Visitor: 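Input: one structure, supplied below.
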Amino acid sequence: MKDLLVIRDEIDQVDNEIVALYQKRMQLTSEVAEYKIRTKKKVFDPERERSKLEKLTGLVSDSFSKNGIKELFEHLISISKKRQYQLLTEYGVEVPNDFEEVKSIGGDGARIVFQGVEGAYAQIAMNRYFGETADSFHVESWREAMEAIKSGEADFAVLPIENSTAGVVAENYDLLVEYDNYIVGEQIIPVNHCLLGLPDAELSDITNVYSHPQALAQCDSYLQEHKQWDCSRENNTAVAACKVKNSGNRSKAAIASELTAELYGLKVLARNIQTNRENSTRFIIVTKRRIFLEGASKISICLEIRHQSGSLYHALSHIIYNDLNMTFIQSRPRTDQEGRNWQYRFFIDFEGNLKQSAVSNALRGLQEECESVRVLGNY
């Protein structure tokens, strides 16, 4: 039996040979890239890859080796393509980008729409982002807000997209795909839920509580302490407060913000009733213009990939290889066509700016190798 140190020395020698062969292979990759640039041939050639892997795995007989060779050369081919994408950028072959860089968002004359009524958290987010003197109006649903941008009735919409406790607002991700609108900013609002009742109400009077489904979920621990209460869903926390005010019934209460209590003349029966005291909601600022703010540092994309093993891994590798920090990923069912059951599209956020070469390289690879890629915004 060989000594372990001797075996390791032999492995080191083989590894050195592999490194030398790797460098030689990458040099040939550069020559391939130059050829493709001259001939305007695409980097991604799935039929060539399939044939290559089939030929290489055919050189070994046992299943373990076949799987190992397949995985090894999938990585080598993937690295080769990424280097070719980099070279395309270095040679000045630009990724199509119809986004315009701007120095400010909003400004005089901009009209803002938010969902709900006066006192909604979306209004608080709007005031934080655009200022309290912004020209604004409100609608009943998030879809109506997107329609208002599409029609030109509004320049920007403020939509909730994620809560630190209750998770994503799935419907708004679907609307981002359905409408040709783009994210240009975000505003994070701390959520301090209060239980609001009529001015003469006491906590012991309450039998019915109204609020938005996510607000109810965010206050679940508090509500579990009052299981005798009947909880009902409303489109918005401020809508719930308005309903309580108009009811004139001391037994009814709403979960909403303290600002909402001031606006509707309601009494705060309990403060900070959310389960997570660090609870916050992320709102996005959306417009139909393809613009991004100078110095923007986050990119949101939506991609659809082939329904086969390894597709998501290979897609994400373009973000990893270009040293971009992915901060978020969310899947949503694809329901746009028949036969799409159990297939998904993915929403991804990563740090970067559309003017950076690393971002261009990543987007180039994604666009070539995914079924579809859409940049939802740089902000």
Side-chain angles (χ1 to χ4, degrees), residues 99-164 169 172 175-176 179 181-194 196 212 214-215 235-242 256-266 268 272 278-300 349 353-354 376-379:
F99 282 79
E100 175 190 358
E101 185 180 42
V102 297
K103 293 187 178 297
S104 64
I105 299 295
D108 295 338
R111 195 146 198 246
I112 324 300
V113 61
F114 65 92
Q115 181 268 340
V117 296
E118 297 293 324
Y121 279 105
Q123 184 187 29
I124 298 173
M126 179 194 71
N127 290 342
R128 293 272 181 90
Y129 193 87
F130 292 101
E132 296 193 3
T133 60
D135 179 14
S136 67
F137 66 100
H138 51 84
V139 292
E140 289 188 6
S141 69
W142 297 316
R143 179 176 293 277
E144 286 177 285
M146 295 295 254
E147 283 287 346
I149 301 175
K150 180 180 178 180
S151 67
E153 187 180 0
D155 299 297
F156 300 93
V158 180
L159 302 173
I161 199 70
E162 181 184 11
N163 177 267
S164 58
V169 183
N172 284 339
L175 290 174
L176 284 170
Y179 286 84
N181 295 329
Y182 301 89
I183 306 170
V184 292
E186 68 177 358
Q187 184 69 52
I188 297 175
I189 298 295
V191 176
N192 297 311
H193 287 313
C194 300
L196 311 181
H212 185 272
Q214 282 210 338
N235 289 335
N236 186 276
T237 55
V239 169
C242 186
S257 69
E258 194 158 354
L259 171 64
T260 306
E262 295 173 9
L263 286 172
Y264 291 99
L266 297 175
V268 177
N272 296 329
E278 302 298 321
N279 189 21
S280 60
T281 296
R282 181 165 68 100
F283 290 83
I284 53 174
I285 316 302
V286 180
T287 184
K288 68 178 179 181
R289 295 175 59 200
R290 289 183 177 88
I291 58 176
F292 67 99
L293 188 62
E294 184 179 34
S297 58
K298 180 190 286 187
I299 294 174
S300 292
D349 293 347
N353 186 284
L354 287 172
L376 297 174
N378 190 190
Y379 51 99

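Model, not experiment: these values are computed from the prediction.
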Visitor: To check you understand the geometry: which heavy-atom pair defines the closest contact between Tyr379 and Ser300, and what is its length?
Guide: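 Shortest heavy-atom contact: OH-OG, 2.7 Å.
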Visitor: Using modelled atom types only, decide if a donor and an acceptor are shared between the side chain of Ser164 and the backbone of Ser280 within a distance under 3.5 Å.
Guide: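 Yes, Ser164 side chain to Ser280 backbone: donor-acceptor pair under 3.5 Å.
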Visitor: Can you tell me if Gln115 uses its side chain to pair, donor with acceptor, with the backbone of Asn235 under 3.5 Å?
Guide: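 Here the side-chain-to-backbone pair exists.
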Visitor: To the nearest 0.5 Å, what is the distance between CZ on Phe156 and CD1 on Ile112?
Guide: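 Result: 6.0 Å between the selected atoms.
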Visitor: Walk me through it: do Tyr129 and Ile105 pass the test side chain to side chain contact (heavy atoms under 4.5 Å, CB included)?
Guide: CA-CA 9 Å; Tyr129 193 87; Ile105 299 295; 3.8 Å; yes
Visitor: Considering non-hydrogen atoms only, spot the tightest contact between Glu118 and Tyr264 and give its length.
Guide: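 That closest heavy-atom pairing would be O-OH, 2.8 Å.
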Visitor: A quick test of your reading: do over 12 heavy atoms of other residues, nucleotides or ligands sit less than 6.0 Å from CD of Glu140?
Guide: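 No, not enclosed.
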Visitor: What closest approach, in Å, do Ala148 and Val113 show between heavy atoms, and which atom pair accounts for it?
Guide: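 Looking at all heavy atoms of both residues, the closest pair is CB-CG1, 4.3 Å.
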Visitor: Output yes when a side-chain donor or acceptor of Asn163 lies under 3.5 Å from a complementary backbone atom of Asn279, and no otherwise.
Guide: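 The answer is no, because no donor-acceptor pair under 3.5 Å joins these two groups.
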Visitor: Between Phe99 and Tyr182, does the ring-ring contact (aromatic ring centres under 6.0 Å, His included) criterion hold? Intermediate values first, please.
Guide: CA-CA 10 Å; Phe99 282 79; Tyr182 301 89; 5.4 Å; yes
Visitor: Go through the steps to decide whether Tyr121 and Phe283 satisfy the test ring-ring contact (aromatic ring centres under 6.0 Å, His included), and finish with yes or no.
Guide: CA-CA 9 Å; Tyr121 279 105; Phe283 290 83; 7.5 Å; no
Visitor: Would you check, one step at a time, whether the test side chain to side chain contact (heavy atoms under 4.5 Å, CB included) holds for Leu376 with Ile299?
Guide: CA-CA 8 Å; Leu376 297 174; Ile299 294 174; over 6 Å; no
Visitor: Taking atom CZ as the centre, does Arg282 end up with more than 12 heavy-atom neighbours from other residues, nucleotides or ligands that are less than 6.0 angstrom away?
Guide: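 Count over threshold, so yes.
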Visitor: Test your reading of the model: is there a side-chain donor-acceptor pair from Asn353 to the backbone of Ser297, 3.5 Å cut-off?
Guide: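 No; zero donor-acceptor contacts below 3.5 Å.
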Visitor: Between Glu262 and Leu259, is there a donor-acceptor pair closer than 3.5 Å when you use the side chain of the first and the backbone of the second?
Guide: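 Looks like no, no N/O pair under 3.5 Å.
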Visitor: Taking C-beta and beyond as the side chain, do Glu162 and Val169 meet within less than 4.5 Å on heavy atoms?
Guide: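 Side chain of Glu162 against side chain of Val169, heavy atoms only: no contact under 4.5 Å found.
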Visitor: Taking side chain as C-beta onward, heavy atoms only, is Val286 less than 4.5 Å from Val158?
Guide: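 Result no, sub-4.5 Å side-chain heavy-atom pair not found.
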Visitor: Would you confirm whether His138, through its side chain, and Val117, through its main-chain N or O, come within 3.5 Å as a donor-acceptor pair?
Guide: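 Here the side-chain-to-backbone pair does not exist.
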Visitor: Looking at Ala256, is its backbone amide N or carbonyl O close enough to the side chain of Thr260 to form a donor-acceptor pair, meaning the two atoms are under 3.5 Å apart?
Guide: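 Between the backbone of Ala256 and the side chain of Thr260 there is no qualifying donor-acceptor contact (under 3.5 Å).
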Visitor: Compare every heavy atom of Val268 with every heavy atom of Cys194, then report the nearest pair and how far apart it is.
Guide: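 Minimum heavy-atom contact is CB-CG1, 4.1 Å.
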Visitor: May I ask you to decide whether Asp155 forms a salt bridge with Arg111, counting only side-chain N to carboxylate O separations under 4.0 Å?
Guide: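 Here Asp155 does not pair with Arg111 in a salt bridge, since their nearest N and O are not under 4.0 Å apart.
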Visitor: How close do Leu196 and Ala261 get, counting heavy atoms only, and between which atoms?
Guide: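 In terms of heavy atoms, the two residues are closest at CD2-CB, 3.6 Å.
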Visitor: Would you confirm whether Gln123, through its side chain, and Gly119, through its main-chain N or O, come within 3.5 Å as a donor-acceptor pair?
Guide: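 Side chain of Gln123 to backbone of Gly119, a donor-acceptor pair under 3.5 Å: yes, one is there.
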